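Since the structure comes first, as structure tokens, the remarks are kept for the end.
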Protein chains: 2
Amino acid sequence: MKKPKKVRQQELKQTIKDNPFITDEELSREFGVSVQTIRLDRLELSIPELRERIKHVAVQTFEDEVKSLPIDEVIGEIIDIDLDERAISIFDVSEEHVFQRNRIARGHHLFAQANSLAVAVMNDELALTVRSDLRFLRPVKAGQRVVAKAEVTGREPARRRAYVKVVSTVEQVPVFTGEFEMYRESEREEGDGSENRS
Amino acid sequence: MKKPKKVRQQELKQTIKDNPFITDEELSREFGVSVQTIRLDRLELSIPELRERIKHVAVQTFEDEVKSLPIDEVIGEIIDIDLDERAISIFDVSEEHVFQRNRIARGHHLFAQANSLAVAVMNDELALTVRSDLRFLRPVKAGQRVVAKAEVTGREPARRRAYVKVVSTVEQVPVFTGEFEMYRESEREEGDGSENRS
DNA sequence: CTCGTATTAGTACCAAGTGCTAATAGCGGT
DNA sequence: ACCGCTATTAGCACTTGGTACTAATACGAG
């Protein structure tokens with residue numbers, strides 16, 4: 001008995017952790033013991049078999065992948081709107097909006113809420129964002145409710161521009177602010193709406 | 001023969017893609033054909049067996065995980081990454097990303113691609129966006145492919161900040177640019193750039 | 001009705017195991 | 001030297017989810 005059982009088991013644990021794709025047979029060669037011994041060790045350490053280990057790793061990725069997709073249509077629910085003036089929306093942050101590692105909301109969701117609201121507040125067939133300046137003031141965590149308030153702060157009809165300021169808060173505390181320069185497709189009176197500046 | 005073979009095979013392909021963890025037997029029940037038929041279909045479509053599929057998924061994660069972090073959390077597909085230096089991702093704009101009225105992509109998708117790329121390029125356990133300044137230069141339409149290039153332009157280890165510039169183009173033409181000020185969760189010594197924390 | 005493709009059935013075999021029983025090794029203590 | 005005990009090894013039956021192959025059957029078009 002070269003190494004005591006305990007030592008071997010600890011090493012075994014580490015080896016499998018480092019490379020979950022190793023079979024019992026390969027392990028048995030590596031440690032110079034029989035396959036059965038490896039099996040007994042795994043049993044005692046409650047380490048599952050190769051396929052289960054692989055599956056476990058795979059499931060993790062897969063779930064993460066599926067989870068981090070959603071970013072669709074209009075983000076947040078608009079609860080009040082006064083066209084061309086101001087608007088408010090709420091957005092509940094849930095698991096799929098956060099980094100798994102620390103449950104902090106990914107920036108683009110906050111931006112999406114604010115941007116959607118800025119688009120909505122424009123009283124226009126179609127508004128496009130031209131430019132924006134964002135500040136992420138505090139991290140937002142899963143489970144929190146973000147309230148975004150948008151206000152139209154300026155207009156430049158000649159250039160078809162409007163300026164919108166959005167402040168997002170969680171329980172009264174500001175977490176995000178954004179200034180948006182918006183382009184309105186149609187002019188104020190007639191609904192033109194099919195122009196393509198580029 | 002309810003559905004022609006071709007249709008079944010296409011559906012089969014999709015089903016397996018959506019859920020690689022499904023056995024031939026489950027598939028055979030789902031499609032109302034025998035297990036052998038499923039096997040023949042897989043053979044023709046060169047879809048590997050369950051375990052190989054799972055293993056493939058697992059290997060991906062494992063490799064990515066060793067490297068760094070949220071490659072599976074990125075919006076768009078990373079096609080090249082040089083940690084702490086630069087990264088490139090592509091994002092295909094489809095119907096669900098655009099306004100129905102004019103088929104122009106909603107701004108937050110462009111932002112999401114750029115922002116997640118900026119996060120990914122940071123060689124860090126966790127990076128958060130602190131501030132960003134965006135310009136939407138030209139409208140992007142459904143069907144177009146957006147290529148985003150991120151470059152780390154500056155570092156301020158003392159304040160745990162890094163600066164990333166992202167330029168997104170469609171067929172060489174810039175459509176979006178963004179400057180990101182990022183916060184990195186973990187501190188790092190200067191002059192390293194490629195250590196092996198994990 | 002016949003031809004050809006599609007489908008189903010059945011068999012042998014494989015990898016990487018589990019679960020179980022039984023034999024053997026190694027070593028300490030007395 | 002012998003007992004006792006744990007550790008190790010061996011062997012066998014059985015499991016999953018397949019591959020590879022052969023053979024039979026069904027179905028639809030010409």
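All values reported here derive from a predicted model rather than from experimental measurement. Numbers restart at 1 for each chain; the letters A, B, ... are given by sequence-line order, proteins then strands.
- Put simply, CG on B/D24 is 15 Å from C1' on C/dT7, counting in whole angstrom units.
- Listed nucleotides: D/dT8, D/dT19, C/dG19. Nearest to the side chain of B/R39: D/dT19.
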Could I get a table of every N or O pair under 3.5 Å where one atom is in the protein and the other is in nucleotides 9-16 of chain D?
{"from": "D/dT9", "atom 1": "OP2", "to": "A/S34", "atom 2": "N", "distance (Å)": "2.8"}
{"from": "D/dT9", "atom 1": "OP2", "to": "A/S34", "atom 2": "OG", "distance (Å)": "3.1"}
{"from": "D/dT9", "atom 1": "OP2", "to": "A/T37", "atom 2": "OG1", "distance (Å)": "2.3"}
{"from": "D/dT9", "atom 1": "O5'", "to": "A/S34", "atom 2": "OG", "distance (Å)": "3.4"}
{"from": "D/dT16", "atom 1": "O2", "to": "B/R51", "atom 2": "NH2", "distance (Å)": "2.7"}

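- Judged by a 6.0 Å distance limit and a 45° cone about the ring axis, A/R106 is positioned over the six-membered ring of A/F99.
- Rounded to a whole Å, the CD atom of B/E25 is 15 Å from the C1' atom of C/dT8.
- Between the side chains of B/T153 and B/E151, no donor-acceptor pair is found at a separation under 3.5 Å.
- Within 6.0 Å of the CD atom in A/E171, the count of heavy atoms belonging to other residues, nucleotides or ligands does not exceed 12.
- What separates CD1 of B/I47 from C1' of D/dG18 is a distance of 15 Å, to the nearest Å.
- Taking atom CD1 of A/I16 as the reference point, atom P of C/dG17 lies 9 Å away to the nearest angstrom.
- Between A/F136 and B/F111, the angle of the ring planes stays under 30°, which puts this pair in the parallel group of the 30/60° scheme.
- Atom CG of A/D41 is separated from atom P of C/dT18 by 12 Å (rounded to the nearest Å).
- Nearest nucleotide to the side chain of B/K5, out of C/dT7, D/dT19, C/dT18: C/dT7.
- Around CZ of A/R159, the count of heavy atoms belonging to other residues, nucleotides or ligands within 6.0 Å exceeds 12.
- Heavy atoms from other residues, nucleotides or ligands lying under 6.0 Å from CD of B/E11 number more than 12.
- B/R42 has its CZ atom 10 Å from the P atom of D/dA20, to the nearest Å.
- Atom CG of A/L12 and atom P of D/dT8 are 12 Å apart (whole Å).
- The distance from atom CD of A/Q9 to atom C1' of D/dA7 is 11 Å, rounded to the nearest whole Å.
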